[in-house]
Q: 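Before anything else, here's the structure in question.
Order of the sequence lines sets the chain letters (A, B, ...), proteins ahead of strands, with each chain counted from 1.
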Protein chains: 2
Amino acid sequence: MRPTRGTDSVSTTPTVYDVAERSGVSIATVSRVYRNPDSVRAQTRERVLAVARDLGYVPSGNARGLASRSTGVLGLCFPDYSDPDAESEVEAGHGDEADDEAAMLYSDQIIRGMERAARRHGYALLIAASLKGGPESLVAKVAGRVDGFAVLARTVPTEDLEVISRRQPVVMLAGPRESNQLDHLDHIEVANSDGQRELTRHLIEDHGLRRLAYVGFAEESPDVEARFRGYVEACRAAGIEVGAEPDLRVPMMTQAEGARAADALLDRLGDRPEALLFANDQMAVGALHTLERRGLRVPQDVAVTGFDGIALSRLVRPAVTTVRQPMRRMGEEAVELLVRRLSGGQPAQNAAEPVSMTLPVSVVRRASCGCKPA
Amino acid sequence: MRPTRGTDSVSTTPTVYDVAERSGVSIATVSRVYRNPDSVRAQTRERVLAVARDLGYVPSGNARGLASRSTGVLGLCFPDYSDPDAESEVEAGHGDEADDEAAMLYSDQIIRGMERAARRHGYALLIAASLKGGPESLVAKVAGRVDGFAVLARTVPTEDLEVISRRQPVVMLAGPRESNQLDHLDHIEVANSDGQRELTRHLIEDHGLRRLAYVGFAEESPDVEARFRGYVEACRAAGIEVGAEPDLRVPMMTQAEGARAADALLDRLGDRPEALLFANDQMAVGALHTLERRGLRVPQDVAVTGFDGIALSRLVRPAVTTVRQPMRRMGEEAVELLVRRLSGGQPAQNAAEPVSMTLPVSVVRRASCGCKPA
DNA sequence: CTGAAAGCGCTAACAC
DNA sequence: GTGTTAGCGCTTTCAG
């Protein structure tokens, strides 16, 4: 028996004990009232609930989780994508008023998708973007508070994931399955190379462009590499020579870097490229500014394409032709996968073969490639 | 002394005990290694960390929260705003390809704002939309797992909030302070009536329109009422007669209802209104469809305005003139308020006077009112 | 249908 | 520095 707290101690958040005492039942009954109402006589139940309301009692999620080993929460870890430029550039983009509301990113879509799916299954969603580097890695914090979670590729150190995935379901998003020892994780990716290949083919065949330049990413990124691969395939298929490396690799895939990349590419000797293909939309948008500054018309003088299909891509002028990734859907599928693992019972959880799915992407033809009037 | 678990029990998620045992230290030390690394001798620390990694140990957020009475998580409860129409209408809006990514709602903005601010303060964000009605009200679930949270007005029963706010900081969003007994909650709202008044004034003075029609909401909604009030004030100031009630009240503020409302208003006898003012953007967009179907040009034949400033409003044709609410900022301010309460120490928490702030809004003039070529 | 008792995994004084 | 010892608030058998 736990020592009864003095008298009606004020200012202390009420617990099952308080409610139990005041309603003349045991804590077990109070617990039952919340977890399995029907197992308690109606009269007793009402009395308990009344006292609870009266006392301002709210069951502690922590205590509950501890005792029942489950939280009813799913998580999502994503990188701190915030592109400083993105916020203000939207307005500058075409002289409209400020509208940072339009800059809906990648991760927002995934959040939307996950939240909805999670809700359908009765879960709440815990989201956290990676901070530079706290004492305890972000994942640990999230992992410790959820039943399972999704991680945007390369958001957290592989090593951490390896450890964590041993104790709860984790689904890897967008990044192709990292070859390492994480091959037991469920994983969802999009058809990066298919998309970039198709986009490139479009530029070559439908617009007759042949002098292309590709801007990739300096850091290791399977997604970006896959895109580049698709680009190369399309070029080769059309008999266009391409190197094994992108024409340029930027340190960060932001608008500022995209603008800089455009300058760099344009300053190179030799024939000016007819099209600039960027590994993501933000860079493409940044390039648009450079091009405008240099007095080059898009797409007449040079076509520009991005990748991702973020809202921003359609708001700038000219609207950017890109490859849309079904991020919302990815979020939903992630939840489905997690829920499946979670409901699969402890044994099956590890037994089941890791799932790996590839979501289809679609080329979005807009003005920046010449498909619609700029 | 807790009974040592048999031997290296496999398949059981490791705990401090396991780590302690295997690294030859006490559980207290293991705990210290995570919470206060510097208080442990480097050598010991490394050893513990190695074992932890080895075992796949991840501190349980629940146990931690229970023991330390704090979760490091802030929450947000929002209504299930999903407008079935919103998803597909975007594309239909102006013949562009499907782009539901552009339909960023109200709540998404708040989430963005909160997530960022929360991250800055070292908190994670738990989000949950109200489901029809689970056993335990949504709030309770969230409330039990966070240190404090924000609630979009009218998302959860006042009664629940009253109870919960007694034990942790809660900030009410967007809905004006509910007169009830919730006046001790911090609260953030936007200048609804100021915005609608200014928009209306613009229509009257700058565009010379005088036959206006206002579409409100049938259910009780302080925000919507405040907007209507602003509308009335502007009309009266211009010597235009207006009733005490909106010209029409819809049961749901969706696109479908907006379309229906436009039809209803247009079918009424008497002079056709020169402008249709809607209490939110979604309805305005819905009205656009009706108007197009009936062969009426916007804004030449009839002007249309919305409220909120969601991304969708600028994507349709003609773009909708509206009043933008700084939702992102609202999310940030909410976190600041919560963090302040939380860091204010237990005593101060209740002591501090409830804060109430009103964020300014801004009229966004676009094509649907005649400000830019349709 | 209800009560008693044993934890769940970790933190937090307090000793050593 | 590190170990001991209590709980934190709730769920969960197992009895009755």
Q: Figure out the CG/P separation between A:N36 and D:dC10, and round it to whole Å.
A: 17 Å
Q: Would you mind building the protein contact string for nucleotides 11-16 of chain D? One character per nucleotide, 5' to 3', B for base within reach (heavy atoms under 4.0 Å), S for sugar-phosphate only, - for untouched.
A: BBB---
Q: Check whether any side-chain heavy atom of A:V19 lies under 4.5 Å from a side-chain heavy atom of A:V33, and answer yes or no.
A: no
Q: Taking atom P of D:dG9 as reference, at what distance in whole Å does atom CG of A:L55 sit?
A: 13 Å
Q: Angle between the end axes of the helix from C:dC1-D:dG16 to C:dC16-D:dG1, five pairs per end, to the nearest 10 degrees?
A: 20°
Q: Measuring only between side-chain heavy atoms, which start at C-beta, is A:H187 closer than 4.5 Å to A:P354?
A: no
Q: Which residues pass the side chain to side chain donor-acceptor pair (under 3.5 Å) test with A:S60, not counting sequence neighbours?
A: none
Q: Which residues within residues 43-53 of chain B lie with some heavy atom under 4.0 Å of an atom in DNA chain D?
A: B:T44
Q: Nearest to the side chain of A:R41, heavy atoms from C-beta on, is which of C:dG3, C:dC1, C:dG9?
A: C:dC1
Q: For B:R329, enumerate each residue passing the side chain to side chain donor-acceptor pair (under 3.5 Å) test, keeping only those at least two apart in sequence or located in another chain.
A: B:E333
Q: Please report the distance, rounded to the nearest Å, between CG in A:N62 and P in C:dT11.
A: 12 Å
Q: Please figure out whether B:R69 or B:D38 has its closest DNA chain D nucleotide nearer the 5' end.
A: B:D38
Q: Grab the CZ-C1' distance between A:R145 and C:dG9 for me, whole Å please.
A: 12 Å
Q: Looking only at heavy atoms, what is the nearest atom pair of B:T15 and B:D18, with distance?
A: N-OD2, 2.7 Å
Q: Is it true that A:R22 and A:D54 make a salt bridge, defined as a side-chain N closer than 4.0 Å to a carboxylate O?
A: yes
Q: Are A:R53 and B:D160 close enough that some pair of their side-chain heavy atoms sits under 4.5 Å apart?
A: no
Q: If the cut-off is 4.0 Å, is B:S60 near the phosphate of C:dC10, judged by side-chain N/O to OP1 or OP2?
A: no
Q: Looking at A:I111 and A:L76, what are the two nearest heavy atoms and their distance?
A: CG1-CD2, 3.7 Å
Q: Would you say that B:V139 contacts B:V170 through its side chain, given a criterion of any heavy-atom pair below 4.5 Å between the two side chains?
A: no
Q: For the backbone of A:S23 and the side chain of A:R47, can you confirm whether one donor and one acceptor N or O come within less than 3.5 Å of each other?
A: yes
Q: Check side chain to side chain donor-acceptor pair (under 3.5 Å) between B:E336 and all other residues, then give those that pass, not counting sequence neighbours.
A: B:H121
Q: Are A:T29 and C:dG3 close enough that a side-chain N or O sits under 4.0 Å from OP1 or OP2?
A: yes
Q: C:dC10 P sits how many Å from A:K141 NZ, rounded?
A: 17 Å
